[in-house]
K.L.:
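Structure provided below as structure tokens; questions to follow.
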There are 2 protein chains.
Amino acid sequence: MTVEFKHQPTVTLAEVADAAGVGESTVSRVLRNYGSFSEKTRDRVMAAVERLGYVPNRIAGTLASTGSRLVAFVIPSLSNIVFPDVLRGASAILEESGYQAVFSVTDYDSQREEALAAAMLAWRPAAVMLAGYEHTDGTLKILRASGCRIVELLDLDGAALDLAVGFSNLAAGRVSAEFLLRRGYRRIGYVGHDLNRDTRAGKRFSGFCATLGAGDAPLADREILAGASSVENGRLGLERLLARTPDLDAVYFSNDDMALGGYFHCLARGISIPSQLAIFGYNGLDIGRAMPQPLSTIRTPRVATGKIAAQLVVTNAPPQVVDLGFELIEGATA
Amino acid sequence: MTVEFKHQPTVTLAEVADAAGVGESTVSRVLRNYGSFSEKTRDRVMAAVERLGYVPNRIAGTLASTGSRLVAFVIPSLSNIVFPDVLRGASAILEESGYQAVFSVTDYDSQREEALAAAMLAWRPAAVMLAGYEHTDGTLKILRASGCRIVELLDLDGAALDLAVGFSNLAAGRVSAEFLLRRGYRRIGYVGHDLNRDTRAGKRFSGFCATLGAGDAPLADREILAGASSVENGRLGLERLLARTPDLDAVYFSNDDMALGGYFHCLARGISIPSQLAIFGYNGLDIGRAMPQPLSTIRTPRVATGKIAAQLVVTNAPPQVVDLGFELIEGATA
DNA sequence: ATGAAAGCGCTAACAC
DNA sequence: GTGTTAGCGCTTTCAT
């Protein structure tokens with residue numbers, strides 16, 4: 001028998017069927033372990049798969065079955081550790097269920113979010129995961145029209161489109177303020193990054209200020225830095241804030257990175273914490289626990305948010321809002 | 001039991017063609033702006049697209065054209081900031097070229113890497129991006145058989161399969177050791193995380209030790225922690241190392257996170273830096289610059305690695321190795 | 001400049 | 001238990 005050399009870059013299911021001496025649908029059934037087939041057939045098919053090094057084409061499979069196992073993430077940033085954490089939680093669940101994570105980064109720009117959401121939809125994902133509730137009308141329209149599951153993450157202060165997983169940023173801000181008031185601080189300032197883009201940080205700030213006001217200790221001063229949140233901006237922000245308002249007794253930072261920067265500023269200037277100045281963060285990063293004085297902060301369920309969100313999608317759960325809450329960490333800096 | 005999500009009826013290209021009163025191929029040409037068509041036809045098609053809210057199905061498009069615009073990342077971790085940084089650099093380039101990033105996380109497990117690489121290949125990506133050169137034989141086999149571009153990232157100490165972008169970890173370790181020797185340190189220790197899994201950290205450590213040995217100041221002691229790299233592990237590691245070998249004059253950490261932990265340990269114990277103990281890291285994170293004493297470290301081109309890798313893929317560059325180098329940062333901690 | 005028709009590789013009915 | 005066949009929604013010749 002003469003075997004002709006075929007320059008075929010990829011093996012197809014049809015070739016496996018030929019090699020195994022069975023029909024295509026049988027191979028498909030065996031590979032998906034669905035429907036019925038004999039032990040013997042299964043072995044023959046698997047042998048052929050092995051021999052030919054067959055890798056199923058999920059593009060074709062998805063098209064044929066009109067149900068994709070792609071989950072699209074449209075996230076603001078990969079620099080803010082929050083989002084890698086969410087992705088991490090989600091991808092663990094997705095991978096074990098045969099789903100595939102796809103992502104793009106909006107850079108906190110809602111126009112980009114709209115464009116990227118549209119681009120994502122072209123892949124006909126099973127679900128689209130987004131940060132928060134603030135989306136353009138265009139984004140909302142195409143999402144609703146898409147018919148795929150929509151998951152809004154890390155924000156519960158608003159109305160969910162379909163699924164929502166996270167916690168209330170407004171409440172996180174309130175709890176932070178209550179804590180500082182309870183500890184007796186009255187001259188309280190704020191150092192944060194761009195609130196217009198990071199709307200969740202904006203909601204925390206609102207909740208924080210509202211509670212301070214109600215507690216008869218309205219926000220004494222604030223310093224909002226233009227760029228993204230970072231340790232350096234935190235340091236710079238506190239420096240500016242104290243230059244302007246030296247008599248503050250506590251500062252609330254938009255997150256732990258910023259707070260760490262503030263901590264470094266105090267270290268460098270010999271400002272003792274918390275006696276001269278208290279510092280409070282947000283996120284509950286591991287780094288806060290390793291500081292000489294553990295950082296007082298709010299621990300957020302970032303990985304859990306990703307996990308639960310993925311689980312809801314994978315199990316095709318009905319529309320719902322899942323509040324994972326957050327935890328106050330009474331460290332040593334406030 | 002997972003439930004496959006079914007999409008609600010979506011608008012197809014055929015419906016757009018009908019609505020516009022043209023053939024399917026004409027719609028396709030207009031949408032991809034390829035081939036020739038009249039102004040008038042273009043307007044009619046675009047009007048119909050708009051009216052029906054048509055979103056092209058890239059699954060179908062990819063299947064028909066046998067050329068995907070998916071780029072698959074198989075990365076060890078999302079907790080180690082290195083990989084989000086690489087993804088960030090890459091996704092910026094990929095998005096503007098109409099490519100889509102897909103990822104999965106191996107958790108530094110080469111068996112998982114093999115399984116995930118295979119799963120990725122099922123999506124017929126244009127390229128697969130992996131960390132480093134250490135892969136199982138199985139991984140190598142399926143990658144080579146796949147016919148798609150392969151990019152190995154962040155490691156140049158080995159033989160590239162196709163494309164490689166990064167720098168030499170061996171050299172980074174050597175340069176770190178040379179620096180410490182040049183500064184006069186002679187009793188040098190090491191604090192690191194799991195070297196078997198993170199082979200790039202292992203290469204740095206090798207280069208470091210080799211240079212120390214050649215400089216007549218062989219590594220005095222080392223503390224390897226079981227878990228992943230973290231600030232807390234850095235702190236704990238330094239504590240243990242000094243308990244065993246108190247007379248060290250410098251410590252090299254497997255990365256900046258660990259080094260920051262060591263810095264915190266010194267702060268807490270009143271060990272003055274660098275006079276009593278010098279600290280040297282790796283990665284050049286922003287956080288190091290904001291420390292009261294800037295961290296002495298090696299800055300690695302993480303975002304650039306992602307960018308260049310993406311560019312090579314998008315432009316279908318010939319096989320090559322791109323050495324982006326790294327930069328010694330002479331901070332104040334060593 | 002445009003349309004008809006043949007796939008891309010698979011899944012899902014439906015026969016047998 | 002297994003094979004046959006008709007699509008999934010597009011791209012791509014190849015005519016016209």
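Please read these numbers as outputs of a predicted model, since none were measured by experiment. By convention in this document, chain letters (A, B, ...) are assigned in the order of the sequence lines, proteins followed by strands, and residues within each chain are numbered from 1.
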K.L.:
Which pairs of donor and acceptor atoms, one on a side chain in residues 19-30 of chain B, lie under 3.5 Å apart (sequence neighbours left out)?
P.N.:
unit_1, atom_1, unit_2, atom_2, d
B/Ser28, OG, B/Arg32, NE, 3.2
B/Ser28, OG, B/Arg32, NH2, 2.9

K.L.:
Let me know, please, whether A/Gly35 or B/Leu13 comes out on the 5' side of the other along DNA chain D by nearest nucleotide.
P.N.:
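It is A/Gly35, whose closest nucleotide lies nearer the 5' terminus.
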K.L.:
Given 3.5 Å as the limit, does a donor-acceptor pair link the side chain of A/Thr139 with the main chain of A/His135, or not?
P.N.:
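Flag not set: sc A/Thr139 to bb A/His135 has no pair under 3.5 Å.
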K.L.:
Output, in order, the C-alpha distance, side-chain angles, deciding distance and verdict of side-chain contact (heavy atoms from CB on, under 4.5 Å) for B/Val128 and B/Cys148.
P.N.:
CA-CA 7 Å; B/Val128 178; B/Cys148 73; 3.6 Å; yes
K.L.:
Indicate, with a heavy-atom threshold strictly under 4.0 Å, whether B/Thr41 touches base, sugar-phosphate, or nothing.
P.N.:
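Sugar-phosphate contact only - B/Thr41 comes under 4.0 Å of backbone atoms but never of a base.
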K.L.:
Could you tell me the separation between the CZ atom of A/Arg302 and the CG atom of A/Asn80, rounded to the nearest 0.5 Å?
P.N.:
9.0 Å
K.L.:
For B/Arg88, what residues pass the salt bridge (Lys or Arg N to Asp or Glu O under 4.0 Å) criterion, not counting sequence neighbours?
P.N.:
B/Asp85
K.L.:
Partners of A/Phe73 by ring-ring contact (aromatic ring centres under 6.0 Å, His included), sequence neighbours excluded?
P.N.:
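Listed in chain order: nothing, the list is empty.
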K.L.:
Please enumerate all residues that pass side-chain contact (heavy atoms from CB on, under 4.5 Å) together with B/Ala317, with sequence neighbours excluded.
P.N.:
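B/Ala317: side-chain contact (heavy atoms from CB on, under 4.5 Å) contacts with B/Leu312, B/Thr315, B/Gln320.
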K.L.:
Rounded to the nearest 0.5 Å, what's the gap from CD on B/Glu113 to OH on B/Tyr108? Could you check?
P.N.:
12.0 Å
K.L.:
To the nearest 10 degrees, how far apart in direction are the end axes of the helix from C/dA1-D/dT16 to C/dC16-D/dG1, each fit to five base pairs?
P.N.:
30°
K.L.:
How would you give the extent of chain B contacts on DNA chain D, as first and last nucleotide 5' to 3' within a 4.0 Å heavy-atom cut-off?
P.N.:
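With heavy atoms of chain B under 4.0 Å away, the range is D/dG9 to D/dT12.
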K.L.:
Using the rule given for side-chain contact (heavy atoms from CB on, under 4.5 Å), can you reason through B/Val71 versus B/Met129, listing the C-alpha separation, both sets of side-chain angles and the distance that settles it, and then say yes or no?
P.N.:
CA-CA 8 Å; B/Val71 172; B/Met129 308 242 192; 3.8 Å; yes
K.L.:
Scan for side-chain hydrogen bond (donor to acceptor under 3.5 Å, both in side chains) pairs involving residues 54-64 of chain A, sequence neighbours excluded, and state none if there are none.
P.N.:
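Listed once each, the pairs would be none.
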K.L.:
Indicate the atoms forming the closest heavy-atom contact of B/Glu152 with B/Ala159, along with that distance.
P.N.:
OE1-O, 4.3 Å
K.L.:
Residues in salt bridge (Lys or Arg N to Asp or Glu O under 4.0 Å) with B/Glu95, at least two apart?
P.N.:
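Only A/Arg112 meet the salt bridge (Lys or Arg N to Asp or Glu O under 4.0 Å) criterion with B/Glu95.
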K.L.:
Kindly compute the distance separating CD1 (A/Ile81) from OG (B/Ser79), expressed to the nearest 0.5 Å.
P.N.:
7.0 Å
K.L.:
Go through the steps for B/Asp162 and B/Val151 under the test side-chain contact (heavy atoms from CB on, under 4.5 Å), then give the verdict.
P.N.:
CA-CA 6 Å; B/Asp162 176 7; B/Val151 191; over 6 Å; no
K.L.:
Let me know which of A/Val74, A/Leu143, A/Leu130 forms a side-chain contact (heavy atoms from CB on, under 4.5 Å) with A/Met120.
P.N.:
A/Val74
K.L.:
Please list each protein N or O that sits under 3.5 Å from an N or O in nucleotides 13-15 of chain C, with the distance.
P.N.:
none

K.L.:
Pairs under 3.5 angstrom, nitrogen or oxygen only, protein versus nucleotides 6-8 of chain C, please.
P.N.:
unit_1, atom_1, unit_2, atom_2, d
C/dC8, O2, B/Leu63, O, 3.4
C/dC8, O2, B/Ala64, N, 3.2

K.L.:
Can you work out whether A/Ile59 or B/Ser36 has the more 5'-proximal nearest nucleotide on DNA chain C?
P.N.:
B/Ser36
K.L.:
In residues 43-56 of chain A, which residues come under 4.0 Å of DNA chain C by heavy atom?
P.N.:
A/Tyr54, A/Pro56
K.L.:
Measure the distance from CG on B/Asn33 to C1' on C/dA1 and round it to the nearest whole Å.
P.N.:
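That distance rounds to 15 Å.
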K.L.:
A/Phe103: which residues meet the ring-ring contact (aromatic ring centres under 6.0 Å, His included) condition with it, sequence neighbours left out?
P.N.:
B/Phe103
K.L.:
For B/Gly67, which contact category applies under a 4.0 Å heavy-atom criterion: base, sugar-phosphate, or nothing?
P.N.:
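It contacts nothing in the nucleic acid.
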K.L.:
Please tell me if A/Arg32 has a side-chain N or O lying less than 4.0 Å from either OP1 or OP2 of C/dA12.
P.N.:
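Indeed, a polar side-chain atom of A/Arg32 lies that close.
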